[in-house]
Peer 1: 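Here you go, one structure.
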Amino acid sequence: MDITAIKLLMEQHGWLYALLRGMPGDLLGCWEICRYQPKDIVCEQGEEPACFHILTEGELKVEHAVTGGHIYTLAHLHPGQLLGDLELTLEVPYVSRVSAVVKCELLALRADVYRKWARSDAVFLTELNRILASKLHATSQKTIENTYMSSRQMLLRHLYGLIEHCDFNAQMAYTAAISREDIARRLGVTVRSVNRILKELKERRIIFVSKNRIILNEWSRYMMERELQKGEQ
């Protein structure tokens with residue numbers, strides 16, 4: 001990749017500048033751009049990592065398959081997040097499958113170049129430590145939620161996060177295009193359990209459902225906020 005192009009991306013994204021600002025010049029041109037269409041597999045569970053990736057555009061879904069064929073959604077990655085950093089550091093295979101939710105663009109760096117960069121750039125190592133600490137904190141938080149929160153509370157928290165900062169003066173409602181199967185994988189429960197929760201929330205008019213879309217408005221936000229506060233007391 002042309003160094004001018006990578007420097008332009010660094011100017012456009014402050015988080016990318018923070019990661020790459022100390023990268024040696026002879027390595028800076030080793031980046032490549034990879035593009036993926038929705039549902040394309042970026043990396044497969046059990047596969048040895050060949051590259052380190054930085055997501056610059058789009059959204060990725062992280063899923064883990066367990067014995068019996070069940071697939072659980074562990075996370076969604078957004079621009080600025082890394083892929084392969086843990087695996088390359090520990091020299092282990094990917095523990096999850098990562099696929100594109102929408103059209104995605106990632107920066108890719110070969111594993112050998114990544115390791116050379118990590119050994120020579122103290123600025124990057126400092127930033128990487130911060131990122132790894134953030135991942136550990138997020139994992140700990142998710143573990144706590146899965147242990148102590150009901151499926152209903154977890155779904156409410158997820159939906160509330162989608163509309164927490166929505167300006168309902170500018171838009172009447174927010175539509176979340178998410179299937180019951182996706183929700184079940186995200187929560188680690190059965191589709192039957194999801195149907196029961198959605199039915200109850202719909203009957204209480206906290207949400208509105210249309211096919212694979214959940215419609216949320218100002219009243220939804222108010223009611224979910226109240227319920228989540230009660231659950232934390």
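In this text the structure is predicted, and so the values were computed from the model without any measurement.
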Peer 1: Ignoring hydrogens and geometry beyond distance, is a side-chain donor-acceptor pair present between Ser220 and Asn217 at under 3.5 Å?
Peer 2: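 Yes - a donor-acceptor pair under 3.5 Å links their side chains.
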Peer 1: Any idea which heavy atoms bring His64 and Leu74 closest together, and the distance?
Peer 2: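 Heavy atoms of His64 and Leu74 come nearest at CB-CD1, 3.8 Å.
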Peer 1: Return yes if some donor-acceptor pair links the side-chain N/O of Arg110 with the main-chain N/O of Cys51 below 3.5 Å, else return no.
Peer 2: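 No; judged by distance alone, with no hydrogens or angles, the pair does not exist.
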Peer 1: Which value, rounded to the nearest 0.5 Å, describes the distance between Trp31 atom CH2 and Leu107 atom CG?
Peer 2: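 Rounded to the nearest 0.5 Å, the CH2-CG separation comes to 6.0 Å.
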Peer 1: With rounding to the nearest 0.5 Å, note down the distance linking CE in Met224 to CD1 in Ile163.
Peer 2: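 Atom-to-atom, Met224:CE and Ile163:CD1 are 3.5 Å apart.
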Peer 1: At what distance, to the nearest 0.5 angstrom, does OG of Ser150 lie from CD of Gln153?
Peer 2: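 Rounded to the nearest 0.5 Å, the OG-CD separation comes to 4.0 Å.
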Peer 1: Hydrophobic clustering (ILVMFWY, side-chain heavy atoms < 4.5 Å, transitive) - are Leu60 and Ile41 grouped together?
Peer 2: no
Peer 1: What are the two closest non-hydrogen atoms of Leu162 and Cys166, and how far apart are they?
Peer 2: O-SG, 3.9 Å
Peer 1: Do Val101 and Ile54 sit in one hydrophobic cluster, given that two such residues count as connected whenever their side-chain heavy atoms are within less than 4.5 Å of each other, even indirectly?
Peer 2: no
Peer 1: Can you get from Leu155 to Tyr222 by hopping between Ile, Leu, Val, Met, Phe, Trp and Tyr side chains that sit under 4.5 Å apart?
Peer 2: yes
Peer 1: With rounding to the nearest 0.5 Å, note down the distance linking CG in Leu55 to CG in Leu106.
Peer 2: 5.0 Å
Peer 1: After noting the C-alpha distance and the side-chain angles of Lys103 and Gln37, does the key distance pass the side-chain contact (heavy atoms from CB on, under 4.5 Å) rule?
Peer 2: CA-CA 5 Å; Lys103 288 183 179 181; Gln37 297 298 314; 3.3 Å; yes
Peer 1: Is there a path of hydrophobic side-chain contacts, each under 4.5 Å between heavy atoms of I/L/V/M/F/W/Y residues, joining Leu132 to Leu16?
Peer 2: yes
Peer 1: Does the side chain of Tyr94 come under 3.5 Å of the side chain of Glu44 through a donor N or O and an acceptor N or O?
Peer 2: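 Result is no, nothing qualifies.
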Peer 1: What heavy-atom pair brings Lys116 and Asp26 nearest, and what distance separates the two atoms?
Peer 2: NZ-OD2, 4.1 Å
Peer 1: Quick one: closest heavy-atom pair of Gln81 and His78, and the distance?
Peer 2: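 Scanning both residues, the minimum pair turns out to be OE1-N, 2.6 Å.
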Peer 1: Indicate the atoms forming the closest heavy-atom contact of Thr89 with Tyr114, along with that distance.
Peer 2: OG1-OH, 4.1 Å
Peer 1: Quick one: does any side-chain atom of Ser179 pair with a main-chain N or O of Asp182 as donor and acceptor, under 3.5 Å?
Peer 2: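 It does hold such a pair.
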Peer 1: Should Tyr17 and Val123 be counted in the same cluster of Ile, Leu, Val, Met, Phe, Trp and Tyr side chains packed under 4.5 Å apart?
Peer 2: no
Peer 1: Can you see which heavy atom on Ser120 is nearest to which on Pro24, and at what distance?
Peer 2: OG-CG, 3.6 Å
Peer 1: Indicate yes or no for a side-chain donor-acceptor contact from Arg213 to the backbone of Ser210 under 3.5 Å, with no hydrogens or angles considered.
Peer 2: no
